[in-house]
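Only one structure is covered here, and it is reproduced in the block below.
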Amino acid sequence: MHDALPARASIAIVGGGITGCALAYELAVRGMTDILVLEKDYLTAGATGRCGAGIRQQWGLPMNIRLSRASCRILETLPDALEYPEGIEFKQGGYLILGYGEDQMRQFAENVQLQNRLGVPSRLLTPEEAKEIVPHLSDRGLLGATFCPEDGHANPFHTTHAYARAARRLGVRFALGVRVTGIDAQGDQIRGICTDKGYVHTPIVFNAAGSYSNHVARMVGVDLPVYTERHQILATEPVERMQDPMVVSFKHHTYCQQVPHGSFLMGRGDADEPRGIDMESSWLFLERMATTMAEILPLLARLRVVRQWSGGYNISPDGQPILGTIPGLEGYWMAVAYSGHGFMVAPMATRVLAQMITGETPALDLGPLDLGRFDRGELLLEPNVV
Amino acid sequence: MDRDGEIIICRCEDITLAEVRRCLRDPGCRGIEDLKRMLRVTMGPCGGRSCRELLLREVARFYATTIDEVAPPVFRPPTTPLPLDAVARSVNKGGDVDA
């Protein structure tokens, strides 16, 4: 995808992650032409290629449930729809969310009620039932769990490349290794985008820059209420299939999944993590991850770690994405601040955004996720986050 | 050329020379960072120690450049595969790991 930079585009999408590539495809499939994706490194170089890539519908807010449920449906048939024979390794082994403490169990009961009402087949489990699904789970302190068998995990590289390849077949241009240096806005209208390889005339710029979302927003003089925070993750040696679901504990800020290849992926948030873009790995993470595993999934502590890495969560004040436009600036769109759960909702979010950009009736009202909600004080606080 | 399918480049993931060359020809591939993500090369227990040089040579050949011009992928810690419980035990022993 060494496409040359065109002189003109009908839209310039900044960022070659899942959002940028899926949006490009969704726009192209709706008949839009002259779509340009700009990526400073390679596809999936940012948060998409560094994430845990879990897909879950077990959320506590209707918006998140609707977005993730529809995305899950899209992913189930994605390789066929996009004609991607390699497949995206979508494993629907479920998500098992561990419950510790009475408050958490009360919240889980409410969540499951809401999820069921919106069609998600989740259910509350006793510790014994949870251990039937994951026999190597420790029941120490465990009061119960919730489980949804449709949740799972997909390969973020193949998912993104599947969208990119299909988009490219529809004529989308991908300028890789091209860095955006500025946005040309005259008055209230976007005119073009400046890069280290030249200027492109375009009436629309779409910010899909992940960790760098505010760098791009500041190019039009807007300071988004977001920050980026490092989250670390590791992969173990591959072993025989022994764990179907992604196991999540909000108490331990951790998630753990065995991918079809056999490796386990284990990630963990850290309350002491300073804000900023930092892709280094730390020994402290390894220590805390090892201690956590020894406590909740002790058998897995016998596995060898072969690799650890980091990625950035781009986080908003309510931990929910900011989707849509900036009032008073014609032609500027964004899908930013997914706060650690962008990959799993991107298929539906980008489809709805493409409907909005092309003037179709959107399948979902994304209005509550606009930038204005922070000024209005209408925060969407999600109880179910790692 | 016919033997490319029999030549193993990445022993951790059983990836052949034919697979590497096919991936390089994919329009979505931009070099070694994409090979790594599409094929899992350099990401196995050896950490790339057995395949990295071979891959760099193939990438250089494909783009008609020299190995010096191809940026190698990032080295990820730990340097050697490490059992998690050995790390957990080290927390109580002032950081000494007996893996």
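Please read all numbers here as calculations on a predicted model, not as lab measurements.
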Review point. Relative to chain B, which of A:H261, A:M266, A:R288, A:H158 shows the most heavy atom pairs under 4.5 Å?
Key: A:H261

Review point. Okay, side chain of A:R307, backbone of B:M43: is any donor-acceptor separation there less than 3.5 Å?
Key: yes

**Study point:** Proximity breakdown for A:E89 and chain B, heavy-atom pairs closer than 4.5 Å
**Key:** side chain

Practice item. Flag the pair A:E86 and B:R22 as a salt bridge only when some basic side-chain nitrogen lies within less than 4.0 angstrom of an acidic carboxylate oxygen. Key: no

Check your understanding: Tell me, side chain or backbone of A:N155 under 4.5 Å from chain B's heavy atoms, or both, or neither?
Key -> side chain

Practice item. Among the options A:T291, A:L286, A:V306, pick out the one with the most heavy-atom pairs lying under 4.5 Å from chain B. Key: A:V306

Point to revise | When B:G44, B:C46, B:P78 are compared by non-hydrogen pairs under 4.5 Å with chain A, the top option | key: B:P78

Revision key, fill the gap. Looking only at B:T79, B:D34, B:V74, most heavy-atom pairs under 4.5 Å shared with chain A are made by B:D34

Exercise for review: Step by step, work out the side-chain contact (heavy atoms from CB on, under 4.5 Å) result for A:M289 and B:V87.
Suggested key: CA-CA 9 Å; A:M289 196 71 244; B:V87 177; over 6 Å; no

Practice item. Using atom types as modelled and distance alone, determine if a side-chain donor or acceptor of A:R304 lies under 3.5 Å from a backbone N or O of B:T80. Key: no

Point to revise | Heavy-atom proximity to chain B below 4.5 Å, by part of A:L234 | key: side chain

Exercise for review: Considering non-hydrogen atoms only, spot the tightest contact between B:R30 and A:G177 and give its length.
Suggested key: NH2-CA, 3.5 Å

